[in-house]
Amino acid sequence: MFAGFTVPPTKQFDLGNGSDLLYFENFLERKEASGYLESLNNELPWIRPTLSVYGQKCEQPRETCYVADEGLPTYKYSGYQPIVYKWEDFPVLKIIANAVHSALPAAKFNSVLLNRYTNGNDYAAWHADDEKVHRVLLTCLKLILHANHKVQRGSYTQRDWEHSVPKRKRVNGLRINLTFRYITSEQR
Ligand SMILES: O=C(O)CCC(=O)C(=O)O
Ligand SMILES: [Fe+2]
């Protein structure tokens, strides 16, 4: 689906109906990845928001930070509207975004939602990223830093396929996930 890789994906799955999944093993050098992980962990203003799910208030079981171009349609999920930070606020994010962009020049994104899981008690319940208002997730790039691998879910994968991060009682380590998104109000 996305032509023009500088390095071909390690694994590639066509999921049908405009969704695909590309897996890049060792996308970053291990040392580089742990440096980014540390900077993101220490420098970002992480928030554990209160969400409304089926009319119930609950604390999100992971922390979040949202960075986007100016002037995009409002991004909101489960009754929560994240603070919009600028790319310039966090130099490390610009470096990661540039690395992603040079590996996949055809993949467009204008925002990134980051999720921080402090340990295996934090989780993301099964969901699809199918928010109706701004609608389009053309491209989602997931860069999971602790494992130093990048999974790209192309086109509609994130919207049409449910996904989750389950609790893992025996996991003590930190996990930071970056989902690069293309947000637009155009209906598709
Ligand atoms: O951390 C992950 O891999 C999942 C995050 C996610 O699905 C989301 O933010 O929509
Ligand atoms: Fe998601």
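Atoms within a ligand are numbered from 1 in the order they appear, just like the ligands themselves.
Remark: Lys57 NZ to Thr50 OG1 distance equals 7.5 Å, nearest 0.5 Å.
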Given side chain to side chain donor-acceptor pair (under 3.5 Å), test Ser39 with Asn41 step by step and report yes or no. CA-CA 5 Å; Ser39 307; Asn41 191 33; over 6 Å; no

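The aromatic rings of Tyr77 and Tyr75 are tilted relative to each other, their planes meeting at an angle between 30° and 60°.
Contact annotation: for Gln60 versus ligand 1, there are no heavy atoms closer than 4.0 Å. In Arg62, neither the side chain nor the backbone holds a heavy atom less than 4.0 Å from any atom of ligand 1.
For ligand 1 and Leu113, the ligand atoms under 4.0 Å from any heavy atom of the residue are 9 (O). Listed by number with element, the atoms of ligand 1 under 4.0 angstrom from any heavy atom of His163 are 7 (O). The atoms of ligand 1 that sit less than 4.0 Å from any heavy atom of Val165 are 1 (O), 2 (C), 3 (O), 4 (C). Distances below 4.0 Å separate heavy atoms of Arg181 from the following atoms of ligand 1: 8 (C), 9 (O), 10 (O). The contact set between ligand 1 and Asn115, taken as ligand atoms under 4.0 Å from a residue heavy atom, comprises 5 (C), 8 (C), 9 (O).
Around CD of Glu43, the count of heavy atoms belonging to other residues, nucleotides or ligands within 6.0 Å exceeds 12.
Taking the ring centre of Phe109 as origin, the terminal cationic atom of Arg181 falls outside the region bounded by 6.0 Å and 45° from the ring axis.
Residue Asp129 approaches the Fe ion (ligand 2) most closely through its N/O/S atom OD1.
Each of Arg175, Arg62, Arg48 was evaluated against Asp122; a single residue qualifies, Arg48, per the salt bridge (charged side-chain N to carboxylate O under 4.0 Å, His left out) test.
Vertex the Fe ion (ligand 2); arms to His163 NE2 and His127 NE2; angle rounded to 10 degrees, 90°.
Of the candidates Thr179, Ile176, Asp129, Thr64, it is Asp129 that places a heavy atom closest to atom 10 (O) of ligand 1.
Ligand 1 lies within reach of Tyr117, whose nearest heavy atom is under 4.0 Å from it.
Between Phe90 and Tyr85, the gap from one ring centroid to the other is short of 6.0 Å.
Grouping the Ile, Leu, Val, Met, Phe, Trp and Tyr side chains by contacts below 4.5 angstrom, directly or via other members, places Val171 apart from Tyr123.
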